[in-house]
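The next block holds one structure in the form of structure tokens; read it before the comments.
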Amino acid sequence: MSRFFYVGALLVVFGFLVAAASLLRPFGIPTVSEMDDHFIQNAQTETGANNAVTAVVFDYRGFDTLGEATVLTTAVIGVMLILRKVQK
Amino acid sequence: MSVVVRTIARILFPMVLAFGLYIIMHGHLTPGGGFQGGAVVASAIALIVVVFGGERLIRQKGVLSVLEDIGGAAFVALALVGIGATFFRNVLAGGGGLFGVSPPFGPNPGILNTGGTLPPMNLAVGLKVLTGLGSVVLLLYLYGGNDDR
């Protein structure tokens with residue numbers, strides 16, 4: 001009996017997701033694009049790198065890369081905490 | 001593991017190592033960079049752990065931990081080089097010194113000497129990801145066995 005309730009709830013949520021996804025903008029056409037044009041035009045002369053993605057990740061938005069390295073460190077610490085030889 | 005697997009692993013390990021280091025070093029010219037190249041080299045370490053067992057690498061646990069700390073500290077130190085202007089300031093780009101050559105505008109065959117502080121940052125992050133994921137793989141082999149606690 002409760003199984004039908006859960007299936008019905010899943011269908012309602014899925015219907016809302018499909019309705020929201022049909023309202024999105026087409027992929028790759030933002031509303032304002034001045035920052036993207038600045039990155040594409042000036043990434044090679046300002047940072048000196050051919051790869052615009054690496055220039056954005058390490059130079060324009062370098063602080064987020066620092067947070068990502070911290071997340072990796074936290075993951076390694078978590079694995080070291082859980083998997084260890086328990087002293088009996 | 002059988003003789004065929006061990007022989008092929010001995011041949012493949014330096015090739016995967018060289019490929020991963022190539023992806024790390026050329027992060028500012030081709031797709032790739034620090035995180036991607038570090039994952040490739042960690043898969044080479046996983047190959048050694050699967051084929052030969054983790055007992056050969058158990059002495060290197062302290063070395064891996066120290067190298068991860070060096071990678072993280074080098075990343076923050078490189079970010080603090082240009083602290084006169086801002087945090088993460090690219091002070092070496094276009095300067096003419098080490099990694100300071102300006103590339104020609106438009107598509108070009110990449111010059112390795114460009115990029116400013118980007119290639120050293122790629123090396124630091126690559127070292128950190130390499131040793132971190134290698135430590136996780138080694139720990140999963142050593143202590144992730146039977147759950148008899």
Side-chain angles (χ1 to χ4, degrees), chain A residues 3 6 17 20-21 24-88, chain B residues 26-35 38 65 68-69 71-72 75-76 78-79 86-90 92-95 99-111 113-119 121-122 124-125 128-129 131-133 135-137 139-145 148-149:
Chain A
R3 197 188 317 160
Y6 288 136
L17 279 179
L24 288 176
R25 295 187 59 87
F27 188 65
I29 310 175
T31 52
V32 287
S33 66
E34 283 130 8
M35 194 173 68
D36 306 342
D37 294 335
H38 178 83
F39 282 162
I40 294 175
Q41 285 294 318
N42 299 13
Q44 210 174 8
T45 53
E46 283 184 9
T47 61
N50 280 356
N51 196 0
V53 175
T54 304
V56 170
V57 162
F58 279 107
D59 190 7
Y60 289 114
R61 301 283 184 256
F63 199 60
D64 303 336
T65 309
L66 184 65
E68 191 166 341
T70 308
V71 165
L72 195 74
T73 309
T74 310
V76 173
I77 289 176
V79 169
M80 276 187 185
L81 273 180
I82 292 184
L83 296 175
R84 64 186 192 278
K85 196 184 290 291
V86 177
Q87 310 292 334
K88 290 253 190 278
Chain B
H26 290 73
H28 56 291
L29 300 172
T30 60
F35 293 101
S65 182
E68 185 173 0
D69 300 339
F75 186 61
V76 177
L78 278 168
T86 48
F87 195 46
F88 272 102
R89 175 76 186 168
N90 197 351
L92 294 176
F99 290 123
V101 173
S102 296
F105 189 71
N108 55 340
I111 309 172
N113 210 11
T114 62
T117 56
L118 254 62
M121 274 189 192
N122 270 325
V125 168
K128 189 177 176 61
V129 172
T131 51
L133 289 181
S135 304
V136 165
V137 165
L139 278 175
L140 280 173
Y141 176 83
L142 289 174
Y143 300 128
D148 54 353
R149 273 184 258 157

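Since this is a predicted model, take the numbers as computed values, not measurements. Protein chains get the first letters and strands the later ones, always in sequence-line order, with residue 1 at the start of each.
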**Q.** Under 4.5 Å from any heavy atom of chain A - which part of B:Val76
**A.**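 Just the side chain, heavy atoms under 4.5 Å.
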
Q: Can you tell which part of B:Pro107 gets under 4.5 Å to a heavy atom of chain A, answering side chain, backbone, both or neither?
A: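 Neither; nothing under 4.5 Å.
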
Q) Can you name the side chain to side chain contact (heavy atoms under 4.5 Å, CB included) partners of B:Thr117, sequence neighbours left out? A)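 Partners of B:Thr117 under the side chain to side chain contact (heavy atoms under 4.5 Å, CB included) test: B:Asn90, B:Leu92, B:Met121.
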
What's the spacing between [X] [atom1] and [Y] [atom2] if we round to 0.5 Å?
{"X": "B:Glu68", "Y": "A:Leu72", "atom1": "CD", "atom2": "CG", "value": "7.0 Å"}
{"X": "A:Asn50", "Y": "B:Asn108", "atom1": "CG", "atom2": "CG", "value": "4.5 Å"}
{"X": "A:Met80", "Y": "B:Tyr143", "atom1": "CE", "atom2": "OH", "value": "10.0 Å"}

Q: Assign the ring pair A:Phe58 / B:Phe35 to parallel, tilted or perpendicular, where the plane angle (0 to 90°) is split at 30° and 60°.
A: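 If you compare the ring of A:Phe58 with that of B:Phe35, the planes turn out parallel.
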
**Q.** Any donor-acceptor N/O pair, B:Thr114 side chain to A:Gly48 backbone, under 3.5 Å
**A.**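 Side chain of B:Thr114 to backbone of A:Gly48: a pair is present.
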
Q.
Tell me the closest heavy-atom pair linking A:Asn51 and B:Leu29, and the distance in Å.
A.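 For A:Asn51 and B:Leu29, the tightest heavy-atom pair comes out as CB-N, 4.2 Å.
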
Q) What residue, out of A:Thr70, A:Val57, A:Val79, has the most heavy-atom pairs lying under 4.5 Å from chain B? A)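 Counting heavy-atom pairs under 4.5 Å, the top option is A:Val79.
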
Q: For chain B, find which of A:Val53, A:Thr45, A:Asp59 contributes the most heavy-atom pairs closer than 4.5 angstrom.
A: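 Highest number of pairs under 4.5 Å: A:Asp59.
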
Q.
Would you say that more than 12 heavy atoms from the other residues, nucleotides or ligands in this model lie under 6.0 Å from the CZ of A:Arg25, or not?
A.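 Check passes, neighbour count above 12.
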
(Q) Is it true that, when you exclude A:Phe63 itself, more than 12 heavy atoms of the residues, nucleotides or ligands shown sit nearer than 6.0 Å to its CZ? (A)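 Count not over threshold, so no.
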
**Q.** B:Phe75 and A:Thr65: CA distance, side-chain angles, deciding distance, side chain to side chain contact (heavy atoms under 4.5 Å, CB included) verdict
**A.** CA-CA 10 Å; B:Phe75 186 61; A:Thr65 309; 3.8 Å; yes

Show me the side-chain donor-acceptor pairs of residues 28-36 of chain A shorter than 3.5 Å, one per line, residues at least two apart or across chains.
none

Q: Please determine, among B:Leu118, B:Leu140, B:Ile111, the option with the most heavy-atom pairs under 4.5 Å with chain A.
A: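 The residue among B:Leu118, B:Leu140, B:Ile111 with the greatest pair count is B:Leu118.
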
**Q.** Within-4.5 Å side-chain heavy-atom neighbours: B:His28 and A:Thr47
**A.**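 No, every pair of side-chain atoms sits at 4.5 Å or beyond.
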
